[in-house]
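Right, one structure below, let's go through it.
Side chains are part of it too, since the values below use all heavy atoms of this structure and drop only hydrogens, waters and symmetry mates.
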Amino acid sequence: MITPEEYSLLLTDEVRRAVAAARGRDPLEVALDRTVPHARLVATQVKYLARAAQKLPSYAAAQCILPPLAFEQASSEACAAHKEPAGDAALDLTCGLGVDALALGRRFRRVVALERDPVLAAVAARNLRLLGAANVEVVCASAEEYLAQEGLRFDWIYADPDRRS
């Protein structure tokens with residue numbers, strides 16, 4: 001995961017420009033380049049944006065923020081696109097980067113995506129805005145906490161939890 005401080009840096013114009021300028025370069029070369037501000041952080045984004053060209057092409061094209069662990073765990077956009085349910089409202093219990101929520105947002109009028117990590121929730125919300133998913137709301141809460149509310153109604157509830165821990 002990325003820290004709140006790293007996330008804040010990734011939002012700055014300086015770092016965003018550095019990532020854009022370094023795309024296509026060898027990430028190790030970027031990490032060692034003393035002229036690149038926050039070189040390690042920029043190199044990590046360059047590495048994952050290059051990998052995203054195949055797995056998450058929309059995310060790569062929009063230069064989304066890609067935390068390494070969340071990227072590794074994320075469904076590919078191609079896999080997420082194969083989800084067939086449709087309806088009024090969907091609930092994604094395990095948002096992560098929001099790849100599945102983005103796909104669900106194309107088939108449902110409204111999607112609520114839960115992410116319990118506050119930094120990853122902020123990353124997912126920002127990325128989904130960049131990708132034009134205005135009908136997807138990211139909520140920073142655990143599934144248990146959110147589902148304790150009364151009056152919730154969803155046509156579809158989706159879960160694809162992290163299987164690495």
Do Tyr48 and Pro67 make a side-chain contact, defined as non-hydrogen atoms from C-beta onward lying under 4.5 Å apart? no
Starting at CG of Leu131, measure out to CD of Glu77 and round the result to the nearest 0.5 Å. 7.5 Å
Measure the CD1-CG distance between Ile2 and Leu120 for me, rounded to the nearest 0.5 Å. 8.0 Å
Counting C-beta onward and ignoring hydrogens, is there a side-chain heavy-atom pair between Met1 and Val119 closer than 4.5 Å? no
Tell me the closest heavy-atom pair linking Val30 and Ala22, and the distance in Å. CG2-CB, 3.9 Å
Hydrophobic side-chain clustering at under 4.5 Å (ILVMFWY, transitive links): who's grouped with Leu93? Put none if nobody. Leu91, Val112, Leu114, Val139, Tyr146, Leu147, Leu152, Phe154, Ile157
Rounding to 0.5 Å, atoms CG (Leu104) and CH2 (Trp156) come to a distance of 9.0 Å
Could you work out, with salt bridge (charged side-chain N to carboxylate O under 4.0 Å, His left out) as the rule, every residue matching Glu6, not counting sequence neighbours? Arg40
Distance-only, no hydrogens or angles: does the Lys47 side chain make a donor-acceptor pair with backbone N or O of Pro68 under 3.5 Å? no
Hydrophobic cluster membership, with links at side-chain heavy-atom distances under 4.5 Å among I/L/V/M/F/W/Y: are Leu41 and Leu69 in one? yes
Considering all heavy atoms of both residues, which atom of Val46 and which atom of Pro27 are nearest to each other, and what is their separation? CG1-CG, 4.4 Å
Is the closest side-chain heavy-atom distance between Thr12 and His38 below 4.5 Å? no
Does any N or O in the side chain of Asp155 come within less than 3.5 Å of the main-chain N or O of Ala89, such that one atom is a donor and the other an acceptor? yes
Smallest heavy-atom separation, Ala113 atom then Val136 atom, equals CB-CG1, 4.3 Å
Rounded to the nearest 0.5 angstrom, the CZ-CG distance for Arg107 and Asn135 is 13.5 Å
Working to the nearest 0.5 angstrom, can you tell me the gap between Leu66 CG and Asn127 CG? 6.5 Å
Audit row: Asp160, Lys83, side-chain contact (heavy atoms from CB on, under 4.5 Å) steps and yes/no: CA-CA 12 Å; Asp160 183 11; Lys83 292 168 181 57; 6.0 Å; no
Indicate the atoms forming the closest heavy-atom contact of Gly98 with Leu128, along with that distance. O-CD2, 3.7 Å
All heavy atoms of Leu49 vs all of Cys64, minimum pair found to be CD2-O, 3.6 Å
Glu29, CD atom: more than 12 neighbouring heavy atoms under 6.0 Å: yes
Take a 6.0 Å sphere around CZ of Arg25 and say whether it holds more than 12 heavy atoms from other residues, nucleotides or ligands. yes
Would Leu11 and Val36 show up in the same hydrophobic cluster when neighbours are defined by side-chain heavy atoms closer than 4.5 Å? yes
Would you compute the distance between atom CD1 of Ile65 and atom OG1 of Thr44 and round it to the nearest 0.5 angstrom? 12.5 Å
Considering non-hydrogen atoms only, spot the tightest contact between Leu56 and Ser75 and give its length. CD2-O, 3.4 Å
Under 4.0 Å between a Lys/Arg side-chain N and an Asp/Glu carboxylate O for Arg51 and Glu72? yes
